[in-house]
Participant: 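Starting off with a structure, shown below.
Computed from a predicted model, the values in this text were never measured in an experiment. Residue numbers begin at 1 in each chain, while the letters A, B, ... track the order of the sequences.
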Amino acid sequence: MITKLKTLFNPLAFSNENTLEDFQVYYEETKDFVRASIYWMIRSHHVDDLVQETYLKAWKSFKSFESKASFKTWIYRIAMNVTYDFLRKKTNDLNIDDYQLVDTSKDDLTNEDLISKALLKLNENQREVFILFYKFGYTTIEIAELIEIKEGTVKSRLHYAKESFVEFVKEDGVQNG
Amino acid sequence: MDDKEIVDLLKRDESLKDAPRNEWAAIKYKIDQSSPPKGWKIALLACSMAIAIILVRQQNENTNTNVTITDEEIYEYITSDSYFDSADDTYAWIGSTQL
């Protein structure tokens, strides 16, 4: 009760229930996941900018974030919004540097290049589901909950993504080792 | 290529570089840049209160219809007795034969 009264009468406390210190704790907990999620979607050095943009956007609405909800889920959705915006913009505004990996000649292909090429061949929705399933080990139900789509849709996207990915990798050959 | 092979293939990919060491500092800097200056809430509160006080005072001035009267007028008001001077008509029931 006293705390509530203090909050009520402290003009600085009205909208600061979630502080920057709290935000930093959440950042430390989720930064690797966010970074990996974005990187596997874009496969480029722009990941640093997009991670910063994600947390900046998250901070702007962090005050309304309820701690009962999962921060990881919440930040993931923000990260994907930022990523999709970036990919959309990149499609409209082609920059050769962004496709450096994809343009590598076939003989010089490393596993990383091959994976990049195969992933970037998938459409964004398929790629997201594919990465969550095969890279991060999420189940189809968990993916459905995370990105708020039906499990059937997840399975369908996963099926087509796998088909396309495997076909591409088989054509170009996997360098084992 | 089965699921396990795909997982293994993706596991071998180590192209993701570590985050820059000053990443949090960079984010915090951007947050500070995008936030309004500290103390703006207090300033906003003070301005709001000042405006509210001015409005209330102005309203009180506008609605104050009291008239200042002199001592003589007060004396006259107190001592005057208009009760007996009133020339009211007799009430209808006085002198009525019906009652």
Participant: Under a 3.5 Å distance rule, please check whether A/S156 uses its side chain to pair with a backbone N or O of A/G152 as donor and acceptor.
Facilitator: no
Participant: Who wins among A/K31, A/K135, A/K60, A/E28 for the most heavy-atom pairs under 4.5 Å with chain B?
Facilitator: A/K135
Participant: With only heavy atoms counted, which part of A/Q24 is less than 4.5 Å from chain B, the side chain, the backbone, both or neither?
Facilitator: both
Participant: Under the 3.5 angstrom rule, does the side chain of A/D49 hit a backbone N or O of A/H46 as a donor-acceptor pair?
Facilitator: no
Participant: Name the option with the most non-hydrogen atom pairs under 4.5 Å to chain A; the candidates are B/D8, B/I27, B/I6.
Facilitator: B/I6
Participant: Validate the cation-pi geometry between A/K72 and A/F33: distance from NZ or CZ to the six-membered ring centre under 6.0 Å, angle to the ring axis within 45°.
Facilitator: yes
Participant: Taking all heavy atoms of A/R43 and all of A/L119, pick out the closest pair and write down the distance.
Facilitator: CD-CD1, 4.0 Å
Participant: Measuring heavy-atom distances to chain B, does A/Y134 have an atom under 4.5 Å in its side chain, in its backbone, in both, or in neither?
Facilitator: both
